[in-house]
Structure formats: structure tokens, C-alpha cells
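Below you'll find the structure, written out as C-alpha cells, and then a few comments.
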Amino acid sequence: MSVLLPILLLHGDAEARLLADAASVLQTVVPHRKVQLAASWMTRPDLLSPSAPAPPKSLRTRGILPDVDARVLLDQPHRLVLISLFPAVAFPVLRHRSGGAFLAHRALRAGWSPEDASAVAAECVEEAPLSPEEAASALEPVIGRLHERGAAVAVCTSFRHVREPLEHRRREGAPSLRELVRRTNLEVARLSQRTGCFVFDVDRPLAQEGGASLGADCFGGTGFAADVAVDELITLLFDALPDDLMPTEEVA
């Protein structure tokens, strides 16, 4: 069988939509490799520390949260790991009474029933999002550990086109979502300079096309916006893993 090309995507709402079909497209680009794309919701970077409490088991067993700890995925061997930083600065963390915590993504919350939402409200307290600077600082040791294990790492930028949701506007004194996008993208560039990680830059190609024509914003998009994002991922793959993508003799 073909040699595995394991890729991990720790995504937010945007990447979940933009890269929904990425695995099948990547497989056509490198047919001599078996692309294995694992995907899971990104959490706050400091919760990826080995010493951080695990996500609340009671909510996972009831199906309110995905039954996976992102740290388990990070401990598995991957050649490329893509990480979304934006959710940590745009959304709160919900801290369960057991001590575990998880990041309250928009799409995750949208899938809850009224009973699920009531259970979360009764069992969890909300913690404010990190600043872009705090999020980048917390992610730096995670990138270092991945590099030590031989994985290439890419941190995602966010599309600067913003539709400000009502729930965000209610946060008194919080910076606008547009400001958070700008500052987070700047921190991604600085992370690349400090750590040598790659940048999965969806902002540049999407901004060139225009948010109105794409029907996309900082929370993602479909159709041509997704095509543009996958094209950018293919370019990143060849930049980050050139030797892995060269045809070689298959092994059994």
C-alpha cells in the first residue's frame, strides 16, 4: 500500500468550512501517498499543555462535545500540523465544574439541542478569550514540541472580511472582531519569525477575491472560497513537505 502522509488540522469554524473537502483533493494531488487527514476542534493553546485538565468527560460521553482530546491527536505522528489561532481570541472558554475546559466554537454551539445548551450553562462558567498576544505566546511551546518530533507546523491566518455577529457585539469593552483578526494575523506572522513555523495564509488569496463576491468572512465560506483555500493548502504542502511528495517506490 502507499506510504502514509498523516496531516492534522486543529480547526476553528472557518477552517471546518473552507477545508471540508481538503482530504479528497489532496489525495488527487499526491496519488502515490495515502493522505490521512485527521481533524478536530482547536482549543485554547494553553489547554494543550500536558498538565492542563482534560476536556470534561461527562459532556463528551453525552455527545455535547467531540469524544476526543486534541492533545491525544497531537501526540500521534504527523508530518504536517495546521493550527487555527483565531478561535482562542474570538470565543470564550467554558470551564466545567470538573476542572476541564473547552472552547465554545460557533458551529459547535449551533449543534447543541436546547437540553444540551441548558446542561452546559448549568455545569460550566465562562472565561474570557485570550488576547492575540497571549494566544500566540501560549502556542509557541506547542509548536516547539511538534518541531522536536519532526512535524512541520503551519498556523492559519483569518480572512479579514468580517460580519460582526450579535453575540460578539454584546461583549462590552471588547475589541471589534475586525481588530482581533488584524492583530491575530500579525501575531501569526511573528510566530513564524520566532519559531520557524509556516503560515497557512487564507487571508491573502481570499482578500484578493473579495468577501462580498465570495460570500465568505472570517468564519469561513463554501464554493469558490473553499476552492481558493484548498489551493493555498496544496501550495503549503509542497512548501512544507517537498521531499515527502516526491514519488518513491511503494511499500507493502
Side-chain angles (χ1 to χ4, degrees), residues 5-16 18-19 22 36-56 60 65-96 99-105 108 127-158 180-181 183-203 232-233 236-237 239-241 244:
L5 180 60
I7 301 171
L8 173 62
L9 170 62
L10 295 182
H11 60 76
D13 297 281
E15 296 79 19
L18 290 168
L19 302 180
Q36 190 177 66
L37 178 60
S40 182
W41 290 106
M42 177 59 179
T43 189
R44 211 170 61 183
D46 57 311
L47 298 178
L48 293 174
S49 166
S51 61
R60 285 187 286 146
L65 295 180
D67 189 22
V68 65
D69 185 338
R71 292 174 298 182
V72 174
L73 295 175
L74 282 171
D75 283 341
Q76 298 171 3
H78 295 96
R79 286 296 294 120
L80 175 65
V81 179
L82 296 101
I83 299 176
S84 178
L85 191 63
F86 184 61
V89 307
F91 298 107
V93 154
L94 295 177
R95 178 76 63 180
H96 192 260
F102 61 95
L103 206 149
H105 298 264
L108 184 65
E127 297 180 1
L130 299 178
S131 70
E133 297 78 12
E134 290 170 333
S137 178
L139 186 57
E140 194 164 339
V142 178
I143 295 172
R145 291 194 295 271
L146 289 167
H147 281 169
E148 288 174 359
R149 295 204 296 268
V153 181
V155 184
C156 309
T157 62
S158 298
L180 286 177
V181 167
R183 288 170 52 194
T184 303
N185 287 354
L186 179 59
E187 289 302 320
V188 170
R190 289 171 172 164
L191 263 176
S192 179
Q193 293 172 343
R194 294 198 302 268
T195 68
C197 72
F198 291 88
V199 175
F200 177 44
D201 191 1
V202 297
D203 178 49
E232 194 67 22
L233 178 57
L236 170 68
L237 197 68
D239 286 343
L241 305 176
D244 299 69

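Values below: every heavy atom of this structure, side chains too, minus hydrogens, waters and symmetry copies.
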Stepwise side-chain contact (heavy atoms from CB on, under 4.5 Å) test for I7 and V81:
CA-CA 6 Å; I7 301 171; V81 179; over 6 Å; no
So H11 and M42, side-chain contact (heavy atoms from CB on, under 4.5 Å) or not? Walk me through it.
CA-CA 5 Å; H11 60 76; M42 177 59 179; 6.0 Å; no
Apply side-chain contact (heavy atoms from CB on, under 4.5 Å) to residues L74 and L10 and explain how you reach the verdict.
CA-CA 9 Å; L74 282 171; L10 295 182; 4.0 Å; yes
Take F198 and L82 through the side-chain contact (heavy atoms from CB on, under 4.5 Å) test and state the conclusion after the steps.
CA-CA 9 Å; F198 291 88; L82 296 101; over 6 Å; no
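Residues A135 and P45 come closest through the heavy atom pair O-CG, 3.6 Å. Taking every heavy atom of both residues into account, A70 and W41 meet most closely at CB-O, 4.3 Å. Across all non-hydrogen atoms, the minimal contact from V188 to C156 is CG2-O, 3.6 Å. Between H78 and Q76, the shortest heavy-atom contact is ND1-O, 3.0 Å. Taking both residues in full, the closest heavy atoms of P129 and P92 are given as CG-N, 3.8 Å, listed atom of the first, atom of the second, then distance. When all heavy atoms are compared, the tightest approach of A240 to A152 is CB-CB, 4.2 Å.
A donor-acceptor pair is defined here as one N or O able to donate and one able to accept, closer than 3.5 Å; such a pair exists between the side chain of R71 and the backbone of A52. Using modelled atom types, no side-chain atom of S137 and backbone atom of E133 make a donor-acceptor pair closer than 3.5 Å. A donor-acceptor pair is defined here as one N or O able to donate and one able to accept, closer than 3.5 Å; no such pair exists between the side chain of H96 and the backbone of L94. A donor-acceptor distance shorter than 3.5 angstrom exists from the side chain of R79 to the backbone of G150, with no hydrogens or angles considered. Side chain of T184 to backbone of F86: no donor-acceptor contact under 3.5 angstrom is found. In this structure a side-chain-to-backbone donor-acceptor pair under 3.5 Å is missing from R44 to A138.
With a 4.5 Å cut-off on side-chain heavy atoms, L180 and S158 do not count as touching. In this structure, the side chains of T157 and F200 stay at 4.5 Å or more apart for every pair of heavy atoms. Taking 4.5 Å as the limit, some side-chain heavy atom of L130 sits within range of a side-chain heavy atom of D46.
Looking at E187 and R190, a side-chain N of the basic residue comes within less than 4.0 Å of a carboxylate O on the acidic one, giving a salt bridge.
Legend: residues meeting side chain to side chain contact (heavy atoms under 4.5 Å, CB included) with T43, ordered by chain and number and at least two apart, are L47, L48, L103.
With respect to L146, the side-chain contact (heavy atoms from CB on, under 4.5 Å) criterion is satisfied by exactly one of I83, T195, L8: I83.
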